[in-house]
Trainee: 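Sharing a structure below in structure tokens format, with a few things to ask.
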Amino acid sequence: MVSALEIKQKAIELGADLVGITDLRRVEGIPTLPQGLLEPYTHAVVIAVAITPDVFEQIRTEPTPLYLHHYLATNTLLDNINLCLQRQIMNEGFHALAIPASQIVDKVNWMGHISHKAMAKAAGLGWQGKSLLLVTPKYGPRVRLATLLTNAPFEPDPLLPNRCGICQECQEACPAAAIKGASWEDHPQTREEALHFTRCVEKVNEDFAKRPEIGKPICGVCISVCPWGKPKK
Ligand code: B12
Ligand code: SF4
Ligand code: SF4
């Protein structure tokens, strides 16, 4: 059987910057669409692709057309890596299901099939910061994520602690004043615990997505200001 190390090496060869593995017992009770999505699976491989720091250098208070392009291209790369890993695991006789990087399945409640942030946290890639984004020690929140569900019994990775500390950069910079500044050791119970959720939803959908040169619900400000993402000197 293909080992956790081999699948991680393959992901890196294909263009991933980070890869982690979780046992799905770590996310028991997490909401999914459809309900019961996780039932055939026992583990997940979570991949991250970093967006170059130069894109974020230009983001101060709003998204840029350049960020839009990198956002779209990174989603495609993540989906392609995930499809290749899916094939490799299936060829070994296991089930595997690539969850799309950025598909919104329920536009009333703003949900994907599963939260990649929660899966990435459970796979030891980082922690969910005060912005609710997945923050990694190496790239901060400047990563996009995708999840591959499987029943291949890969060895899970150790968890990382929350390292936001007293930082409030994202809270201070958010153009919608949406970040409450709450902290938690593991994860918030609801999105509302971390965010004035509708303020963020309205900002990205009613303002940024309606700009002709953007056209998607993106923002990037809370990503750009996080000190963990700034290039290390
Ligand atoms: C719908 C969606 C949106 C919506 C709603 C956002 C939201 N916060 O839910 C809108 C359009 C507003 C949006 C905005 C943004 N998004 Co968006 N979005 C998604 C999408 C498609 C689904 C998210 C989802 O289903 N959330 C469901 C909620 C319930 O999950 P959650 O936010 O993680 O919070 C809960 C869980 O984490 C849970 N939890 C954690 N661990 C555990 C364990 C257990 C056992 C349980 C029960 C619960 C639990 O606790 C939290 C509270 O319930 C994902 C892709 C994906 N499939 O994940 C991208 C995604 C979350 N978005 C992303 C990004 C970058 C953004 C923006 C910065 C915009 C941009 N691209 O510039 C903003 C950030 C807003 C913010 N501060 O959160 C990235 C995040 C990358 C990262 N480093 O974290 C993702 C992962 C896309 C990707 N492929 O990388 N987004
Ligand atoms: S995505 Fe923009 S509006 Fe939403 S929380 Fe981050 S900075 Fe605020
Ligand atoms: S900007 Fe500061 S508070 Fe916000 S997620 Fe990054 S480290 Fe945490």
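All ligand and atom numbering here is 1-based and tracks the order in the structure.
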Trainee: With atoms numbered from 1 as shown, which atoms in ligand 1 lie under 4.0 angstrom from a non-hydrogen atom of Cys200?
Mentor: 75 (C)

Trainee: Evaluating non-hydrogen atoms only, which member of Thr190, Leu145, Ile218 is closest to atom 90 (O) of ligand 1?
Mentor: Leu145

Trainee: Can you list the ligand 3 atoms lying under 4.0 Å from a non-hydrogen atom of Cys226?
Mentor: 1 (S), 6 (Fe), 7 (S)

Trainee: Closer than 4.0 Å to some heavy atom of Glu28 - which atoms of ligand 1 meet that?
Mentor: 45 (C)

Trainee: Quick one: look up the protein heavy atom nearest atom 39 (N) of ligand 1 and list residue, atom name and how far away it is.
Mentor: His187 ND1, 3.4 Å

Trainee: I'd like to check which ligand 1 atoms, numbered from 1 as shown, lie under 4.0 Å from a non-hydrogen atom of Gln103.
Mentor: 21 (C)

Trainee: Show the numbers, then the answer: is there a side-chain contact (heavy atoms from CB on, under 4.5 Å) between Val204 and Ile218?
Mentor: CA-CA 6 Å; Val204 298; Ile218 60 170; over 6 Å; no

Trainee: Any N or O on Arg191 sitting closer than 3.5 Å to an N or O of ligand 1?
Mentor: yes

Trainee: What protein heavy atom sits nearest atom 7 (S) of ligand 3, and how far away is it?
Mentor: Trp228 CD1, 3.5 Å

Trainee: Among all protein heavy atoms, pick out the one at the shortest distance from atom 8 (Fe) of ligand 3; state its residue, atom name and that distance to 0.1 Å.
Mentor: Cys164 SG, 2.3 Å

Trainee: For atom 3 (S) of ligand 2, what's the nearest protein heavy atom and its distance?
Mentor: Cys174 SG, 3.7 Å

Trainee: Please state which protein non-hydrogen atom is closest to atom 10 (C) of ligand 1 and give its distance, to 0.1 Å?
Mentor: Val204 CG2, 4.5 Å

Trainee: Does the protein place a non-hydrogen atom closer than 4.0 angstrom to atom 35 (C) of ligand 1?
Mentor: no

Trainee: Assess the residue pair Glu206 and Lys210 against the criterion (salt bridge (Lys or Arg N to Asp or Glu O under 4.0 Å)); give the C-alpha distance rounded to whole Å, side-chain angles, the decisive distance to 0.1 Å, and a yes or no.
Mentor: CA-CA 6 Å; Glu206 302 306 321; Lys210 292 207 167 138; 2.6 Å; yes

Trainee: Counting each atom of ligand 1 from 1 as listed, which ones have a heavy atom of Leu195 under 4.0 Å away?
Mentor: 76 (C), 77 (N), 78 (O)

Trainee: With the threshold set at under 4.0 angstrom, would you say Ala146 reaches ligand 1 through any of its heavy atoms?
Mentor: no

Trainee: Does Leu149 reach the side chain of Leu37, with side-chain heavy atoms less than 4.5 Å apart?
Mentor: yes

Trainee: Is the contact between Gln189 and ligand 1 made by the side chain, the backbone, both, or neither, using heavy atoms and a 4.0 Å cut-off?
Mentor: backbone

Trainee: For the SG atom of Cys84 and the CD1 atom of Ile89, what is their distance to the nearest 0.5 Å?
Mentor: 11.5 Å

Trainee: If the cut-off is 4.0 Å to any non-hydrogen atom of Gln128, which atoms of ligand 1 fall inside it?
Mentor: 33 (O), 37 (O), 40 (C)

Trainee: Quick one: look up the protein heavy atom nearest atom 51 (C) of ligand 1 and list residue, atom name and how far away it is.
Mentor: Pro188 O, 3.6 Å

Trainee: Looking only at heavy atoms, is any part of Ile114 under 4.0 Å from ligand 1, and if so is it the side chain, the backbone, or both, or is it neither?
Mentor: backbone

Trainee: Quick test: of every protein heavy atom, which one is nearest to atom 66 (C) of ligand 1, and how far off is it to 0.1 Å?
Mentor: Leu133 CD2, 4.5 Å

Trainee: Identify the protein heavy atom lying closest to atom 72 (O) of ligand 1, giving its residue, its atom name and the separation to 0.1 Å.
Mentor: Tyr67 OH, 2.7 Å

Trainee: So which heavy atom in the protein is nearest atom 3 (C) of ligand 1, and how far is it from that ligand atom?
Mentor: Ile104 CD1, 4.8 Å

Trainee: Between Ala194, Ser131, Cys222, Cys200, which one has a non-hydrogen atom sitting closest to atom 4 (Fe) of ligand 2?
Mentor: Cys200

Trainee: How far is atom 58 (O) of ligand 1 from its nearest protein heavy atom, and which residue and atom is that?
Mentor: His116 N, 2.8 Å

Trainee: Short list, please: which atoms of ligand 1 are under 4.0 Å from a heavy atom of Ala101?
Mentor: 55 (C), 87 (C), 88 (C), 89 (N)

Trainee: Classify the ring geometry of Tyr67 against Phe56: parallel below 30°, tilted from 30° to 60°, perpendicular beyond 60°.
Mentor: tilted

Trainee: Look at atom 19 (C) of ligand 1 and say whether a protein heavy atom is found at less than 4.0 angstrom from it.
Mentor: no

Trainee: With atoms numbered from 1 as shown, which atoms in ligand 1 lie under 4.0 angstrom from a non-hydrogen atom of Ser115?
Mentor: 30 (O), 31 (P), 33 (O), 37 (O), 58 (O)

Trainee: Within ligand 1, which atoms have a heavy atom of Phe197 less than 4.0 Å away?
Mentor: 5 (C), 6 (C), 7 (C), 8 (N), 9 (O)

Trainee: What distance separates Leu125 CG from Ile47 CD1, expressed to the nearest 0.5 Å?
Mentor: 10.0 Å

Trainee: State whether the shortest distance between N or O atoms of Pro141 and N or O atoms of ligand 1 falls below 3.5 angstrom.
Mentor: yes

Trainee: What do we get for His113 next to ligand 1 when only non-hydrogen atoms under 4.0 Å count, side chain, backbone, both or neither?
Mentor: neither

Trainee: Tell me the nearest of Cys219, Gly112, Ala209 to atom 23 (C) of ligand 1, using heavy-atom distances.
Mentor: Gly112

Trainee: Can you tell me which portion of Leu132 lies within the under-4.0 Å heavy-atom range of ligand 1? Options are side chain, backbone, both, or neither.
Mentor: side chain

Trainee: Of the side chain and backbone of Arg144, name the one, both, or neither that has a heavy atom under 4.0 Å from an atom of ligand 1.
Mentor: both

Trainee: So with a 6.0 Å cut-off around CZ of Arg211, is the heavy-atom count from everything else above 12?
Mentor: yes

Trainee: Which protein non-hydrogen atom lies closest to atom 2 (Fe) of ligand 2, naming both residue and atom, and how far is it?
Mentor: Cys219 SG, 2.3 Å

Trainee: To which protein heavy atom is atom 60 (C) of ligand 1 closest, and what is the distance rounded to 0.1 Å?
Mentor: Lys117 CE, 5.0 Å

Trainee: Would you kindly say whether His43 and Thr150 are connected by a side-chain donor-acceptor distance under 3.5 Å?
Mentor: no

Trainee: Is atom 15 (C) of ligand 1 less than 4.0 angstrom from some protein heavy atom?
Mentor: no

Trainee: Could you tell me which atoms of ligand 2, counted from 1 in the order shown, lie closer than 4.0 angstrom to a heavy atom of Pro175?
Mentor: 7 (S)

Trainee: Does any N or O atom in Ile30 lie less than 3.5 angstrom from one in ligand 1, N or O only?
Mentor: no

Trainee: Going by the closest heavy atom to atom 81 (C) of ligand 1, which one wins out of Ile223, Val143, Leu134, Leu125?
Mentor: Val143

Trainee: Using heavy-atom distances, let me know which of Cys174, Ala194, Ser131 sits nearest atom 77 (N) of ligand 1.
Mentor: Ser131

Trainee: Does the ring of Phe208 carry Lys216 above it, NZ/CZ under 6.0 angstrom from centre and within 45° of its axis?
Mentor: no

